[in-house]
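Report on the following structure.
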Amino acid sequence: MLKQRILTALVLLAILLPALFYPDPVAFAGVVLVLMAGGAWEWGRLNGCSFAASLALSAVCVALCSAAWLGGWTTQPLALLWIVSGGVWVLGSAWLLRTGVPGWPRIPRALRLVLGVLGLWLAWLAVVQARVIGINFLLSVMTLVWMADIAAYFAGRTFGLRFTKSKLAPSISPGKSWEGVWGGMAGVLLLGLCWVLADAHWQSAVPSFYSRLWSQGAWLLVLGALFMACMSVVGDLIESLVKRSAGAKDSSKLLPGHGGVLDRVDALLPTLPIAMMLTRLVS
């Protein structure tokens, strides 16, 4: 299993890194589009669709992304779109987590499918816009999610249930603790401060996500980073809720040793659009 995980990770890096650093963002947009298509297929399967219907859902996702691409949306501010999508993510997630696993099947399947495809489309559009802004900006957003996950893991393993008597969401993801969430937040704040200092020291031509928030005041960096860290956890919990409702351990086996695409991008789905929302609001 370990060898399989390593091999899959190496293959993904061999594809993603050249696309990321290619001068034209088109290469990266194309690679991510393939991943989102895989995620849409997984979404269909998790919601009880047949193989053929899931492929059709994947095709719809590709069509939406392609239409936005051809329409020039990847280079437009789209501030209103990001504000609306951010609000839907926050309010919708709060409602879903409150209703828990039993509430998911009560939502009409057609609505679930539409919302899932729109979520993948928005994430694709957000990540491509971030790449258009610059690699430093894109990496600062993506590493925020990775730092939140890594710091939460180690904080949870070290301090889990030492300061609180209950877990974060035992019926959805029993392994998560409040101490892990706090550790993730602390890690993100530290990362943000270090990135701001690095941008200033090397006089980065493209400011990072953190530096853009910092330019409006340290308070906004703190609030923005904490908000993003929370939404990273929310994205993970929402996918866990859907998988638990479907009785699935992984979203698929498309990525041997790593599960499926949704297992790898769940925390990015809400944070990418929200990062663009915050960025457009301070621009």
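All values derive from a computational prediction rather than experimental measurement.
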Would you give the length of the straight line joining atom [atom1] of [X] to atom [atom2] of [Y], rounded to the nearest 0.5 angstrom?
{"X": "Leu97", "Y": "Ile238", "atom1": "CG", "atom2": "CD1", "result": "4.0 Å"}
{"X": "Arg109", "Y": "Trp104", "atom1": "CZ", "atom2": "CH2", "result": "12.5 Å"}
{"X": "Leu138", "Y": "Leu272", "atom1": "CG", "atom2": "CG", "result": "8.0 Å"}
{"X": "Leu55", "Y": "Arg45", "atom1": "CG", "atom2": "CZ", "result": "9.0 Å"}

Using the side chain to side chain contact (heavy atoms under 4.5 Å, CB included) definition, which of the options Leu125, Ile133, Leu78 pairs with Met276?
Ile133
Paired with Met185, the side chain to side chain contact (heavy atoms under 4.5 Å, CB included) test is passed by just one of Leu189, Val181, Val188, namely Val181
Mind checking whether [X] and [Y] have side chains closer than 4.5 Å, heavy atoms only?
{"X": "Trp43", "Y": "Val242", "value": "yes"}
{"X": "Val261", "Y": "Ser252", "value": "no"}
{"X": "Phe227", "Y": "Val90", "value": "yes"}
{"X": "Leu35", "Y": "Leu16", "value": "yes"}
{"X": "Leu81", "Y": "Leu122", "value": "yes"}
{"X": "Asp263", "Y": "Leu255", "value": "no"}
{"X": "Val196", "Y": "Ser211", "value": "yes"}
{"X": "Val84", "Y": "Leu80", "value": "yes"}

Where do [X] and [Y] come nearest, in terms of heavy atoms and distance?
{"X": "Val128", "Y": "Ala29", "result": "CG2-CB, 3.7 Å"}
{"X": "Val282", "Y": "Arg212", "result": "CG2-O, 4.0 Å"}
{"X": "Arg280", "Y": "Pro77", "result": "NE-O, 3.3 Å"}
{"X": "Leu161", "Y": "Glu179", "result": "N-OE1, 3.1 Å"}
{"X": "Arg131", "Y": "Pro23", "result": "NH2-O, 3.8 Å"}
{"X": "Pro270", "Y": "Ala267", "result": "CD-O, 3.5 Å"}

Do you reckon [X] sits in the same ILVMFWY cluster as [Y], going by side-chain contacts under 4.5 Å, direct or chained?
{"X": "Tyr22", "Y": "Trp124", "result": "no"}
{"X": "Phe154", "Y": "Leu190", "result": "no"}
{"X": "Met231", "Y": "Leu91", "result": "no"}
{"X": "Val88", "Y": "Leu269", "result": "no"}
{"X": "Ile83", "Y": "Leu223", "result": "yes"}

Main-chain N/O of [Y] paired with [X] side-chain donor or acceptor, under 3.5 Å:
{"X": "Thr99", "Y": "Leu96", "value": "yes"}
{"X": "Ser58", "Y": "Ala37", "value": "yes"}
{"X": "Thr8", "Y": "Pro256", "value": "yes"}
{"X": "Lys243", "Y": "Asp250", "value": "no"}
{"X": "Asp236", "Y": "Val233", "value": "no"}
{"X": "Glu239", "Y": "Asp266", "value": "no"}
{"X": "Asn47", "Y": "Leu113", "value": "no"}
{"X": "Asn136", "Y": "Ser204", "value": "no"}
{"X": "Ser245", "Y": "Leu241", "value": "no"}

ring-ring contact (aromatic ring centres under 6.0 Å, His included) contacts in which one or both residues fall within residues 173-201, not counting sequence neighbours:
Trp195-Tyr210
Could you tell me whether Trp82 atom CH2 has more than 12 heavy atoms of other residues or ligands within 6.0 Å of it?
yes
Evaluate the side-chain contact (heavy atoms from CB on, under 4.5 Å) criterion for residues Leu237 and Lys176: first the C-alpha distance (whole Å), next the side-chain angles of each, then the deciding distance (0.1 Å), finally the verdict.
CA-CA 9 Å; Leu237 288 175; Lys176 287 183 171 55; 3.8 Å; yes
Criterion side-chain contact (heavy atoms from CB on, under 4.5 Å) on Trp41 and Phe51, from CA distance to verdict:
CA-CA 8 Å; Trp41 176 82; Phe51 185 87; 3.6 Å; yes
Quick one: sort the Phe137 and Phe209 rings into parallel, tilted or perpendicular, breaks at 30° and 60°.
perpendicular
Using the ring of each side chain (for Trp, its six-membered ring), is Trp73 parallel, tilted or perpendicular to Trp121, with breaks at 30° and 60°?
tilted
